Structures are given as C-alpha cells and as structure tokens.
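Okay, structure first, notes after.
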Amino acid sequence: MSNEYRRAREQKRDALASLGVNPYAVRTPAREAVAGLKSQFEDLEAKAKTAPVAAGAQPEAPTLAGRAVAGRVLANRKMGKAVFVDVYDQTGKLQVYLNAKQVGEQAMAVYDNLDLGDFVWVRGNVQRTRTGEVTLFATELKFLTKALAVPPLPREYKDEQGNTRHATAFADVEQRYRQRYLDLMVHGDVRARFELRSKVLQGIREFLGQKGYLEVETPMLHSIPGGARARPFITHHNALHMNMYMRIAPELYLKRLLVGGFERVFEINRNFRNEGIDATHNPEFTMMELYEAYGDYHSMMEITEGLIRHAARLVRSHEKGVAPEALAPADLVFHWGEVVIDLGQPFRRARYADLLREHAGVDLHSRDAVRAKAKELGLELHDDHYKLADQLLEATALPKLVQPTFVIDYPTAICPLTKACEDNPAICERFELFVNAVEFANAFSELNEPVEQLRRFEEQVAMGLKTQDVEAPKEVDHDYVHALEAGMPPAGGLGVGIDRLCMLLTNTHTIRDVLLFPHMKREGHDQAAGAKQRARIAAETLLEELTSPELRRLPGFDQLAKQFEHLVEFSRKLLGNPHAEVVPPHSK
RNA sequence: GAACCGGUAGCUCAAUGGUAGAGCAGCGGCCUUUUAAGCCGCGGGUUCCGGGUUCGAGUCCCGGCCGGUUCACCA
C-alpha cells in the first residue's frame with residue numbers, strides 16, 4: 001500500500017513531537033547560502049596553500065567554524081555511527097556529517113526520525129573530508145519541516161570517468177507539469193530555466209526603464225474584448241450584473257494612456273485567448289506591449305532589436321557568470337533545436353509583397369494569381385483576398401525565415417489598428433518579427449484617426465456577423481474611439497510574446513517548458529462531471545438573471561419564468577437533487 | 001478535430017497470452033570519513049478506467065480517461 005510510506009513518516013513526525021521537537025518549526029536560526037559558504041571555504045583553502053608554514057609546524061586543515069545552512073535533505077548515507085546527509089538549498093548541495101560525539105545523542109534521536117524530503121537546519125565546522133568533499137561537520141541540528149510524501153529522488157553521480165551524470169528521476173512529462181513543485185525539487189535544470197526566464201523579464205524592464213518607459217497595469221477584465229482577433233474567456237461580475245471578458249490584449253487601454261499624456265508606457269502581463277493548446281500556445285500567455293508617442297514602426301524595429309538583444313545578453317551573462325559587458329559577440333549565438341540563431345547580427349528587413357513574390361511567385365494585389373497559387377498548393381480557399389494571401393505567405397515564405405526577420409509593410413486590409421502608408425493606402429506600416437518561422441513580435445504605426453478607426457471597427461463587426469466568425473469582435477469599443485477623438489499623438493506600438501522569447505533564449509521547444517504551471521485538462525473529472533458543472537453554472541446564472549427587475553418588466557417574462565420552473569425541476573433531477581445548488585440566489 | 005505512441009510498486013523500468021519482477025526508496029539488523037556507500041533479511045501492486053475474447057489478459061479486441069508527438073485549425 002502506498003500508505004505504508006506515509007504511515008512511517010507520520011509515526012516519525014509523532015516521535016519528533018514526543019522528543020519535544022516541533023515537526024513544523026516556526027523559526028529558522030541564522031544561516032548562509034550553500035554556494036556562498038562553499039566558495040568562502042575554497043577561498044580560505046587557496047589562501048592556506050600560499051601562506052608560509054613555520055619550519056617543522058604541521059599546516060592546519062582549513063576550517064570555517066560555526067557556520068550554518070538550512071535546506072531539504074535528499075540523500076542519507078549511514079556508515080555505522082557516522083552519517084552523511086546531503087542538504088539542498090536554492091543555491092546547491094552541501095554534505096553534512098553527523099556523529100553522536102559532536103552533535104549529541106538528542107540530535108541523533110532527531111536524526112533517527114529524519115526522512116528524505118525533510119527540512120533541517122545545521123550548524124558546524126566546514127572542512128574537507130578525506131575523500132575531498134566540502135562538508136559541514138555538524139555540532140547542532142534543528143529539525144524544520146517533515147515531508148509526509150516521498151520525494152522523487154535526484155540521482156546525480158560520478159561515472160567511472162569521473163563525469164557527473166544524471167539518472168532520470170520523475171520522468172513522466174505529464175506529472176512533471178501537473179506537480180511542478182516536484183519537478184523543480186528534483187531537476188536543477190528546470191529551476192535554472194525559470195531563473196533565466198526571470199532574467200529575460202528583468203532585462204526587458206531594465207532596457208525600457210533606461211529609455212524612460214513607464215511600467216503600467218491596465219485592466220485584465222474587459223467589458224468589451226478588443227485589441228486582437230481572438231475568442232475571449234467569458235466571466236461574470238455578480239454585483240455589477242454584467243458579463244466580463246478576460247482580456248485578449250491590453251492594446252486599447254495602453255493607447256488611451258497616450259491620449260492622457262504619457263509618452264512611453266509598457267505593460268508585461270497575461271493575455272487570455274480561448275483557443276487550443278499546443279507547443280506554442282497556452283490559453284494564458286505573457287505579452288509585453290509598449291507604446292511610444294511620436295514613434296512609428298521604424299522606431300519599433302529599433303527597440304525590438306535592442307530589447308531582444310539586451311534580454312539575450314542578460315541570459316548569457318547569467319549562464320556564464322560574467323558581466324554583460326564582458327560578453328563576446330559569439331555569446332549572442334543561440335542554438336534553438338536544429339537551428340542556430342545569431343542575435344548579435346542586425347535583423348533582416350523584408351517587405352511582405354517582396355517575400356510573396358520571391359517565395360510564391362505572385363503579386364500581392366493580384367487576386368487571380370494569389371488564388372491560383374493557393375489552389376495549386378492545396379490551401380483552404382479563403383474568400384477574403386488578403387487573408388488568402390496571408391495564408392499563402394505563411395505556407396511559402398515564413399518557413400524560410402530562420403534568422404530574425406522583420407516582415408514589413410502588411411496589407412492594410414488585415415490590419416484594423418494600423419496606419420496606412422502615405423503613398424499607398426493598400427499597404428500599412430506594420431511589421432511582424434519571425435525567428436525560425438515563429439512569430440515573436442508584432443508592431444505598427446498606430447492608427448489615430450477616430451473616424452477611420454470607427455469605420456474599420458464597424459466593418460469588422462459587420463463582417464463577423466455576416467460570416468458567423470466566432471473570433472470577430474461583436475461590439476465596437478466606442479470609448480476607445482472617443483479617446484482618439486480627444487487626440488492621440490502619432491505613435492508606434494509593439495507587442496512581444498515573452499513565452500516564445502524565453503523558448504528561444506533557453507533552447508526550449510514547447511511553451512509548457514517555460515511556463516511554471518501550464519494548463520492541463522483536469523484529472524479524474526469525466527465528461528459527465530464536467531457537463532454537470534457547466535449545467536449548474538448555467539442554471540445559477542440564469543436564475544440570477546431572472547431575479548433582475550429589468551428582465552421582470554419585459555413583456556413575456558411570466559411565460560419565461562413558468563417555463564423555467566420546469567427547467568429547474570429537471571435540473572434538480574439531473575444534477576442529483578442538490579436543492580441548495582439550484583435555489584435562486586435572491587428569490588423572495 | 002485526426003493519426004501514431006504511451007500510462008505496471010513512492011521513483012526509474014522489466015515481464016512470447018501462463019504464479020506481476022529488478023534497482024533505488026521503505027522497514028529491521030551490521031558497519032565511526034561515506035558519496036549512485038556496502039552487506040544480510042523483510043514488506044510493498046485496483047498493471048489508468050469499463051467491457052469483451054479466452055481454461056487463463058499487464059499482454060489480444062472494443063469503448064472511455066489523461067498525456068506526448070505530428071498534422072489540421074487558430075494567431
């Protein structure tokens with residue numbers, strides 16, 4: 001039985017309590033980080049080696065006396081009355097030697113109730129053992145926390161050639177995502193990747209801060225979803241009696257700030273899109289968006305390049321343990337799966353229409369040529385000419401874009417928020433950055449003409465209604481148009497997918513590996529249970545709506561209410577007679 | 001949404017249709033500088049779930065759940 005393990009640990013927990021030891025200690029005495037302690041010891045050794053020794057005198061073994069560390073015990077080697085345990089903290093592993101003579105009988109009684117996975121604090125003298133391991137010889141032991149579950153054990157060892165090897169522990173990909181805490185506990189490389197992710201974010205904030213950008217937070221709950229083309233998550237605000245949408249993009253709010261007088265703003269936060277999950281998509285993903293008054297898509301290209309390069313520097317500097325200034329140009333070469341990406345080189349710029357001509361052999365504006373080529377390639381034939389052209393570009397040119405490439409000058413027809421080029425209204429000032437065919441950034445010279453913006457919004461809504469497009473906006477954000485009427489300076493705007501950037505900079509091939517807690521289907525929750533849950537929420541929502549006075553006043557309400565009585569009755573049966581769950585919340 | 005692959009002890013993995021095993025971890029014992037410590041002994045299983053075929057199913061068949069990969073869709 002799996003309970004066997006837990007039972008043994010519970011018994012030890014109780015044994016600790018009867019020894020007068022709190023198995024979940026409240027306070028931890030002062031301590032040092034393992035890595036710092038180890039390097040201090042090595043410095044001491046280096047000094048001892050060069051220090052002159054008096055003739056005939058025995059050189060003393062270098063010792064750091066009375067030092068303490070705290071961490072999780074993940075290995076236990078018992079050697080008669082001597083014991084070696086490996087204590088891990090965030091910075092590394094330290095071997096600890098325990099012996100009744102030095103640490104005392106009481107502490108050894110505590111040790112007897114120690115399991116792998118428990119947390120301890122130890123104080124003692126740091127020395128090297130005869131086998132060469134830096135070791136803390138404990139004189140004090142304090143028990144900190146009992147782990148009732150058995151941890152998966154890290155297996156790191158030296159092979160015959162003396163190389164450090166890792167044996168697989170906790171290899172089930174699914175469980176590693178679901179129980180990321182165990183994955184992190186066991187896999188140092190996973191922790192390292194998330195440290196690098198933090199560096200990427202730090203790098204971006206640093207870079208933008210230096211350029212005078214203000215970091216802001218705009219709403220995550222929107223009453224009208226906008227700023228991108230995507231299906232939103234819908235939620236409901238009880239007190240306000242209104243539906244709300246998890247934001248699909250912060251764009252329209254950030255541009256309101258330009259109207260308000262901020263000239264450089266950025267936001268790093270999640271966007272939510274109700275779409276499928278795969279190697280490059282998670283329902284919530286982190287986006288950096290910035291807006292620069294008096295900028296345009298040219299200034300956005302410069303800042304994109306600078307930003308990515310700066311983040312890359314910080315990542316490499318952290319990996320190599322050297323200052324960013326000390327990095328060589330070759331350090332900005334990143335291996336990403338099969339390909340090698342040089343982020344030190346200036347990014348290529350290529351016109352949309354030129355790429356289409358080069359790789360598909362067609363003119364962007366020629367309906368017949370685009371359609372014929374798409375047909376030839378067996379693409380789904382979209383009615384909309386420029387959408388079809390976009391698919392054609394995606395199928396032909398994008399896979400060829402391995403090194404960072406700004407694809408510039410998009411057709412205006414597929415860019416509702418972008419300013420058209422002055423000399424050609426069919427083309428607009430937008431770019432997307434591709435690396436190895438993956439979209440990394442999207443930017444444009446922002447459309448700031450209220451009348452034109454309203455026209456495009458209305459066209460989108462009308463088109464969406466006509467084509468039953470679930471992703472098309474359902475409503476025009478009139479307040480945004482009002483904001484533009486108040487006057488927004490010419491501006492450049494940029495969005496960078498942070499998760500994908502982290503994938504590139506950490507040589508990772510699925511977005512789940514750069515997300516601490518990627519979304520997964522619920523376990524042990526079958527379709528029937530899921531359907532019941534949804535039905536209950538639907539019933540509750542409807543019941544709440546029925547209590548609203550506005551609805552009661554509408555003609556036909558009585559009939560609706562009567563019909564609903566039946567629905568409630570059936571619901572009760574269906575949901576297993578949970579009376580309490582289907583009683584109208586405000587019914588009187 | 002489709003195809004393929006996978007799910008066995010706490011962890012990593014075995015097991016031609018024929019009594020479900022090993023290493024680590026656990027429990028008991030020996031060992032005072034080990035390090036994937038070692039040695040002796042002992043426990044440990046809803047083989048993802050539900051059906052079916054069979055004298056007999058971890059294994060074969062059908063359905064379902066969860067995951068991975070590729071494709072499609074999406075941006």
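We name chains A, B, ... by the order of the sequence lines, and we start the count at 1 in each one. All values below come from the heavy atoms of this structure, side chains included, with hydrogens, waters and symmetry mates left out. These figures come from a predicted structure and were not determined experimentally.
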- Message: So, under a plain 3.5 Å distance rule, would you say the side chain of A:Glu174 forms a donor-acceptor pair with the base of B:G7?
- Response: no

- Item | Same-atom distance (P) from B:U8 to B:A14, integer angstrom | 11 Å

- Between A:Tyr97 and A:Phe137, is the ring centre distance below 6.0 Å? yes

- Message: Could you report the tightest heavy-atom contact between A:Leu37 and A:Val126, atom names first, then the distance?
- Response: CD2-CG2, 3.9 Å

- Task: Calculate the interatomic distance between A:Ile414 atom CD1 and B:C74 atom P; express it in whole Å.
- Result: 13 Å

- Message: For a quick test of reading the model: is some side-chain N or O of A:Arg231 closer than 4.0 Å to OP1 or OP2 of B:A75?
- Response: no

- Task: Using the C1' atom on both, measure B:G1 against B:U53 and round to a whole Å.
- Result: 32 Å

- Have a look at A:Phe170 and say if it touches a base, only the backbone sugar-phosphate, or nothing, with a 4.0 Å heavy-atom cut-off. sugar-phosphate

- Rounded to whole angstrom units, what separation is found between the CD atom of A:Glu105 and the C1' atom of B:U32? 13 Å

- Query: Touch check for A:Glu432, heavy atoms < 4.0 angstrom, all strands: base, sugar-phosphate only, or nothing?
  - Reply: nothing

- Using the C1' atom as the reference point in each nucleotide, state the distance between B:C65 and B:C49 in Å, no decimals. 7 Å

- Determine, stepwise, if the pair A:Lys146 / A:Asp115 fulfils salt bridge (charged side-chain N to carboxylate O under 4.0 Å, His left out). CA-CA 8 Å; A:Lys146 171 58 73 183; A:Asp115 285 303; 2.8 Å; yes

- RNA chain B nearest-nucleotide lookup for A:Asp278 and A:Gly132: closer to the 5′ end is A:Gly132

- Query: Rounded to whole angstrom units, what separation is found between the NE2 atom of A:His519 and the P atom of B:G67?
  - Reply: 13 Å

- Looking across every strand, which nucleic acid part, if any, lies under 4.0 Å from A:Glu275 by heavy atom: base, sugar-phosphate, or nothing? sugar-phosphate

- Message: The test is side-chain contact (heavy atoms from CB on, under 4.5 Å); show your working for A:Arg128 and A:Glu42 and say whether it passes.
- Response: CA-CA 10 Å; A:Arg128 218 176 260 282; A:Glu42 276 153 17; 4.0 Å; yes

- Taking atom C1' in both B:A20 and B:U32, what distance in whole Å separates the two? 41 Å

- Task: Give A:Asn442 one of three labels, base, sugar-phosphate or nothing, depending on what nucleic acid heavy atoms sit under 4.0 Å from its own.
- Result: nothing

- Message: Please check this pair: side chain of A:Arg512 against backbone of A:Tyr177, looking for a donor-acceptor N/O pair closer than 3.5 Å.
- Response: no

- Message: Any N or O donor-acceptor pair under 3.5 Å from the base of B:U34 to the side chain of A:Gln95?
- Response: yes

- Under 4.0 Å between a side-chain N/O of A:Lys12 and OP1 or OP2 of B:C27, yes or no? yes

- Query: Distance between the P atoms of B:G43 and B:G28, in whole angstroms?
  - Reply: 15 Å

- Verify the contact: side-chain N or O of A:Arg130 to OP1 or OP2 of B:U34, cut-off strictly under 4.0 Å; return yes or no. yes

- Message: Strictly below 4.0 Å, N to O, side chains only: are A:Glu251 and A:Lys255 in salt-bridge contact?
- Response: yes

- Heavy-atom side-chain proximity of A:Val407 to A:Leu401 below 4.5 angstrom: yes

- Query: Between A:Arg77 and B:U34, does any side-chain N or O lie under 4.0 Å from OP1 or OP2?
  - Reply: no

- Item | Between B:A9 and B:A22 - C1' atom distance, rounded Å | 11 Å

- Message: Here's a test of your reading of the structure: between A:Thr131 and A:Arg500, which maps to the more 5' nucleotide of RNA chain B?
- Response: A:Thr131

- Which whole number of Å gives the distance between the P atom of B:G45 and that of B:G21? 12 Å

- Specify the separation, in whole Å, of atom CG of A:Leu74 and atom C1' of B:C24. 14 Å

- When you compare B:A15 with B:A75, how far apart are their C1' atoms, in angstrom units rounded to a whole number? 47 Å

- Item | Base of B:A75 paired with side chain of A:Glu394 (donor-acceptor, under 3.5 Å) | yes

- Task: Compare side-chain N and O positions of A:Arg512 against OP1 and OP2 of B:U69 and report whether any pair is under 4.0 Å apart.
- Result: yes

- Task: Using a heavy-atom cut-off of under 4.0 Å over every strand shown, decide if A:Ala171 touches base, sugar-phosphate, or nothing.
- Result: sugar-phosphate

